[in-house]
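Let me begin by presenting the structure, written as structure tokens, before commenting on it.
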There are 2 protein chains.
Amino acid sequence: MEPGDSTKQARAAAQLRKGVLEYCVLALMRDRPRYGVELLHALEESGALATSQGTVYPLLSRLRRDDLVTTSWQESASGPPRRYYALTDSGRAALDEFTRVWPGFRNAVDAFLTTPHPPTGEIV
Amino acid sequence: MEPGDSTKQARAAAQLRKGVLEYCVLALMRDRPRYGVELLHALEESGALATSQGTVYPLLSRLRRDDLVTTSWQESASGPPRRYYALTDSGRAALDEFTRVWPGFRNAVDAFLTTPHPPTGEIV
DNA sequence: CCAGGTATCTTGCATTGCATGGAACCAGGT
DNA sequence: ACCTGGTTCCATGCAATGCAAGATACCTGG
């Protein structure tokens, strides 16, 4: 999916990311701290959630503003210092909450897409 | 989930709906035309995608503006006339497109939530 | 005639993904 | 010393979307 793409497929995918990206980023921080470009690459490799710096950095700013993550600078051997993002207790709670809500949501969408909606209405 | 609720759970669910609601509404019209309140009730019964009139009617206006649906007035035996919404060819194409994109997206999110992200990095 | 249920729609706001652009740090070649 | 390219961070402005709140209108029954 190239930048600037505005096909129907791209639009659907872009809208899908809304609200999910935040929690996928939190999930990536679950087992260890991460820095911005690292998160970007991980999302890229997932395929369906590939995005850009212009999306990730404002998102990370919001997470920090809402106290879901804390940050710390760390030297790098191959470039400028990196800002690492780590989950706070609130961040972990938000991730757990999403993990609870997600299956119900996913199944509801699956049902809408696969269940027939008969012309006669459901069991009157 | 009550209106005006602003718990973390409600916020996560609200963001999840973004971009998905449009296609669930299209899916509801797949087998027969529907009118606004009917759609509202169907979403309500699904649980995870319950929403309000203030969301559905602007959405339906957008669908009509983009030629994804056509509308026709029809008398009702128990109230004011109803505006029925039916899929156009473009609407059906958009729904099919989403149906193709959705599984990949769903599986990607599942993977982020359930796959461990080891501290040592993946297979160096 | 008026109260309540059904049905439609508008307005304004907050949130969010994104394109674009900019800045700083480091290593290597010339 | 200079400059090119890779890496890393961030800000600004726009468009799309869900939502609360409010407005309008039709119909039936008391």
Side-chain angles (χ1 to χ4, degrees), chain A residues 1-8 10-25 34-41 43-44 48-66 68 71-85 105, chain B residues 1-6 8 10-26 34-41 43-44 48-66 68 71-85 105:
Chain A
M1 194 166 20
E2 303 305 318
D5 192 348
S6 63
T7 60
K8 266 176 289 188
R11 280 193 61 257
Q15 292 309 320
L16 273 177
R17 284 180 212 116
K18 294 210 173 192
V20 174
L21 212 49
E22 172 180 347
Y23 296 99
C24 288
V25 165
R34 302 272 200 162
Y35 66 99
V37 173
E38 188 183 9
L39 294 167
L40 207 56
H41 288 158
L43 292 168
E44 184 74 31
L49 283 156
T51 184
S52 69
Q53 297 185 352
T55 296
V56 165
Y57 283 108
L59 168 59
L60 291 172
S61 293
R62 290 195 295 271
L63 293 178
R64 195 165 32 148
R65 182 199 60 193
D66 298 341
L68 299 180
T71 69
S72 60
W73 287 97
Q74 212 161 316
E75 296 295 329
S76 162
S78 63
R82 300 165 174 170
R83 192 199 284 274
Y84 276 82
Y85 296 80
F105 174 82
Chain B
M1 197 164 17
E2 304 305 320
D5 192 347
S6 63
K8 265 175 289 188
R11 280 194 61 257
Q15 293 309 320
L16 273 177
R17 284 180 212 113
K18 295 211 174 191
V20 173
L21 212 47
E22 173 180 347
Y23 296 98
C24 288
V25 165
L26 290 177
R34 302 272 201 162
Y35 65 99
V37 173
E38 188 183 8
L39 293 166
L40 207 57
H41 288 157
L43 292 168
E44 183 75 31
L49 283 157
T51 184
S52 69
Q53 298 184 350
T55 295
V56 166
Y57 283 108
L59 168 59
L60 291 172
S61 292
R62 289 195 297 270
L63 293 178
R64 194 164 34 146
R65 182 199 61 192
D66 298 340
L68 300 180
T71 67
S72 60
W73 287 97
Q74 213 161 316
E75 297 294 328
S76 162
S78 61
R82 300 164 174 171
R83 191 199 285 273
Y84 277 82
Y85 296 81
F105 174 82

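Note on naming: letters A, B, ... go to the chains in the order of the sequence lines (proteins, then strands), and numbering restarts at 1 for each one.
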Name the residue closer to the 5' end of DNA chain C, choosing between Thr55(B) and Gly19(A) according to the nucleotide with the nearest heavy atom. Thr55(B)

Smallest heavy-atom separation, Leu16(B) atom then Val20(A) atom, equals CD2-CG2, 3.4 Å

Those residues that, when tested against Thr71(B), pass side chain to side chain contact (heavy atoms under 4.5 Å, CB included) (two or more places apart): Arg64(B), Arg83(B), Tyr85(B)

Residues at least two apart in sequence or cross-chain that pass salt bridge (Lys or Arg N to Asp or Glu O under 4.0 Å) with Glu44(A), listed by chain then number, are none

Distance check, rounded to the nearest 0.5 Å: Leu59(B) atom CG versus Leu39(B) atom CG? 9.0 Å

Just to verify, what does Tyr84(A) make a ring-ring contact (aromatic ring centres under 6.0 Å, His included) with, not counting sequence neighbours? Tyr35(A)

Give the rounded distance in Å between these two atoms: CG of Leu40(B) and P of dA20(D). 12 Å

Which whole-number value in Å describes the distance from Phe105(B) CZ to dG17(C) C1'? 12 Å

With Ser52(B), which residues qualify under side chain to side chain contact (heavy atoms under 4.5 Å, CB included), at least two apart? Thr55(B)

How would you label the contact of Leu21(B) with the nucleic acid (heavy atoms, under 4.0 Å): base, sugar-phosphate, or nothing? sugar-phosphate

Would you say Ser52(A) reaches dC18(C)'s phosphate, i.e. side-chain N/O to OP1/OP2 under 4.0 Å? no

Letter by letter from the 5' end, nucleotides 1-8 of chain C scores (B base, S sugar-phosphate only, - none; protein heavy atoms under 4.0 Å) -----BSB

Partner set under side chain to side chain contact (heavy atoms under 4.5 Å, CB included) for Leu49(B), not counting sequence neighbours: Phe105(A), Ala108(A), Val109(A), Phe112(A), Arg17(B), Leu21(B), Cys24(B), Leu43(B), Ser46(B)

Once you round it to whole Å, what is the distance between P of dC10(D) and CZ of Arg65(A)? 15 Å

Taking N and O atoms by type only, does the side chain of Lys18(B) place a donor or acceptor under 3.5 Å from a partner on the base of dT15(C)? yes

Tell me: CD of Gln15(A) to C1' of dC18(C), nearest whole Å? 11 Å

From CG of Leu60(B) across to P of dC9(C) the rounded distance in Å is 8 Å

For atom CZ of Arg64(A) and atom C1' of dC9(D), their distance in whole Å: 11 Å

Starting at atom CZ of Arg17(A), determine the distance to atom P of dG18(D), rounded to an integer number of angstrom. 16 Å

Nearest-Å distance, CD (Glu75(A)) to P (dC9(D))? 12 Å

Just to confirm, is there a sub-4.0 Å distance from OP1 or OP2 of dT17(D) to any side-chain nitrogen or oxygen of Arg62(B)? yes

